[in-house]
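Following: one structure in structure tokens, then a few remarks.
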Amino acid sequence: MPEEDQSVLQIQGRTSLKGQVTISGAKNSALAIMAGALLCPEDCRLRNIPSLVDVARMSQVLSALGVKIRRQDNILDVNASSIGKSKAPYEVVSQLRASFFVIGPLLARLGVARVPLPGGCAIGARPVDLHVRGLQALGAEVRIEHGIVHAYVHGSGGRLKGAKIYLDYPSVGATETLMMAATLADGETIIENAAQEPEVVDLANFCRAMGAKIKGAGTNAIAISGVERLHSVDYQIIPDRIEAGTFLVAGAITHSELVLSPVIPDHLTPVIAKLKTIGNRVIHEGGNCLRIVPGELRGTDIETLPYPGFPTDMQAQFMALLTLAEGDSVITETVFENRMRHVAELSRMGADIRIKGQNAIVRGVPLLSGAPVVATDLRASAALVLAGLAAEGTTTIQGLHHLDRGYENLEDKLRRLGAKIQRLTSDPQKENLASAEATKVTKNNGFQAPSL
Ligand code: UD1
């Protein structure tokens with residue numbers, strides 16, 4: 001078991017934010033594209049890779065397979081010319097669902113892959129049946145034994161065979177796994193009811209930059225014409241639309257005008273539309289820049305859906321926002337079955353929320369009040385940070401290992417905008433890492449606190 005991080009975030013709420021924030025590379029693109037680098041027997045240079053725990057875990061999986069990885073700032077050099085092992089390590093796969101996605105490229109390159117089942121996680125059971133059935137359709141024999149998925153290609157020189165695959169649900173991960181597997185298969189593959197998320201398109205663009213033949217990524221039917229070999233690439237990943245969305249909500253919830261760049265506004269269409277309905281203005285300032293101009297907040301209904309619907313990864317942050325909106329809102333979570341655990345924590349801060357099945361009924365309150373709360377998953381932790389920024393008094397958030405999985409330097413970025421936020425850690429060495437600019441150290445509740 002990994003050592004639990006004992007750090008907490010302490011936020012003094014009701015401070016206005018101001019300024020410009022830089023959006024990092026997309027976590028979900030980075031993870032899929034790192035897996036995709038396994039397809040390439042030559043050098044891959046990946047740019048704009050965020051520094052995150054999830055990215056470090058994916059690097060560990062690739063290293064364990066024998067891939068050479070070097071990181072310098074936000075550039076990751078990956079060389080998978082020789083893949084020494086076909087089995088991914090359980091200790092890491094169990095902590096990072098996305099590392100299961102290596103099964104597609106491994107199988108395509110080696111004709112064999114053994115990857116532990118990722119297991120359940122805080123937001124739901126998240127099975128991999130769609131990945132498995134798709135690989136079987138591509139000609140792989142797949143067995144699950146003792147918690148490990150064993151996949152082999154018999155005959156045809158270990159090469160997968162193109163096929164027509166219909167996904168029962170447009171799963172992001174299954175679309176990515178199968179698209180990667182099909183790039184090196186013999187013949188044409190069509191994935192129907194494919195996921196259309198921007199990260200799927202980014203992965204397709206990355207594969208195409210290596211010589212793969214892929215059409216239709218970003219629509220619900222992707223056609224892949226297998227090639228024998230891919231070649232070296234230098235590729236920059238897209239900005240993180242969920243991080244951008246989180247900062248837009250930070251502006252709205254603190255009534256602050258913020259400018260974000262770089263962003264691809266088209267990737268944020270459902271998020272921007274809801275922010276406008278709730279009473280804010282979101283202005284595209286040309287190129288890759290967005291400005292949020294906050295307004296009076298009013299309630300609205302939200303239903304999470306596969307892209308281009310409203311993203312489940314923004315549900316918790318919008319719930320934090322709607323707790324302070326005038327009137328009632330209904331939030332319906334359709335993508336994951338257990339993604340409302342932040343409700344109990346937001347309620348501790350004075351929010352009025354009731355859960356009925358997959359719906360949360362949010363009655364707006366005039367003010368939240370700071371409280372000690374626990375982050376239950378990645379986006380829930382972002383929601384608590386947002387609530388803490390708006391709340392009266394002090395909010396202390398535990399469970400920061402969730403936040404560190406997916407947000408690069410969140411507290412530094414917020415601090416630069418004027419937020420009163422600090423990480424308190426009982427480990428002085430970690431504290432130095434967490435808050436490099438800390439100049440003064442004071443004692444606080446047994447934690448070592450850098451000055452605000
Ligand atoms: C990806 C994102 C995650 C996001 C999610 C939905 C990455 C690394 N993570 O996760 O941030 O919240 O998309 O946008 O990209 N399902 C099955 N069988 C399968 C696969 C999925 O039943 O074989 C179900 C899942 O349990 C879930 C739903 O489909 O209920 C959506 O999952 P999926 O789109 O696969 O999400 P991930 O790829 O895991």
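- We find that R339 and E337 are not joined by a salt bridge, their nearest charged nitrogen and carboxylate oxygen being 4.0 Å or further apart.
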field: side-chain contact (heavy atoms from CB on, under 4.5 Å) between V271 and T269, intermediate numbers included
entry: CA-CA 6 Å; V271 168; T269 302; over 6 Å; no

- prompt: Should I11 and K420 be marked as a side-chain contact (heavy atoms from CB on, under 4.5 Å) after you check the CA-CA gap, both sets of side-chain angles, and the distance that decides it?
  reply: CA-CA 6 Å; I11 304 172; K420 292 190 178 151; over 6 Å; no

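- Between D43 and S232, the side chains place no donor N or O within less than 3.5 Å of an acceptor N or O (distance only, hydrogens not considered).
- Under the 4.0 Å criterion applied to side-chain N and carboxylate O atoms, E199 and R241 are assigned as salt-bridge partners.
- Defined by atom type and a distance below 3.5 Å, a donor-acceptor pair is missing between the side-chain atoms of E408 and S51.
- Residues satisfying the side-chain contact (heavy atoms from CB on, under 4.5 Å) criterion with A88, sequence neighbours excluded, are V61, V93, V102, V115, P116.
- Rounded to the nearest 0.5 Å, atoms CZ (R47) and CD1 (I75) are 4.5 Å apart.
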- request: Would you sort out whether R133 and D168 count as a salt bridge (Lys or Arg N to Asp or Glu O under 4.0 Å), showing the intermediate values?
  value: CA-CA 10 Å; R133 270 190 271 140; D168 286 345; 3.3 Å; yes

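- Each of R416, Q422, R423 was scored for a side chain to side chain donor-acceptor pair (under 3.5 Å) with E411, with one residue passing: R423.
- Around atom NE2 of H146, no more than 12 heavy atoms belonging to other residues, nucleotides or ligands sit under 6.0 Å away.
- For the side chain to side chain donor-acceptor pair (under 3.5 Å) criterion with Y407, the lone passing option out of E243, K27, R379, H402 is R379.
- N193 places a side-chain N or O within donor-acceptor distance of the main-chain N or O of L167, the cut-off being under 3.5 Å.
- When only modelled atom types and interatomic distance are considered, S261 and Q20 share a side-chain donor-acceptor pair under 3.5 Å.
- For the residue pair S82 / K68, no side-chain donor-acceptor distance below 3.5 Å is found, with atom types taken as modelled.
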field: Verdict with reasoning, E145 to H150, per side-chain contact (heavy atoms from CB on, under 4.5 Å)
entry: CA-CA 7 Å; E145 278 170 8; H150 300 254; 4.1 Å; yes

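- Between the side chain of R159 and the main chain of A108, no donor-acceptor pair closer than 3.5 Å is present.
- A salt bridge does not link K18 with E257: none of the charged nitrogens is closer than 4.0 Å to a carboxylate oxygen.
- A salt bridge is absent between E188 and K215; no separation between the charged side-chain nitrogens and carboxylate oxygens falls under 4.0 Å.
- For Q358 and T334, the side-chain atoms include no donor-acceptor pair closer than 3.5 Å.
- No more than 12 heavy-atom neighbours from other residues, nucleotides or ligands sit within 6.0 angstrom of OH on Y90.
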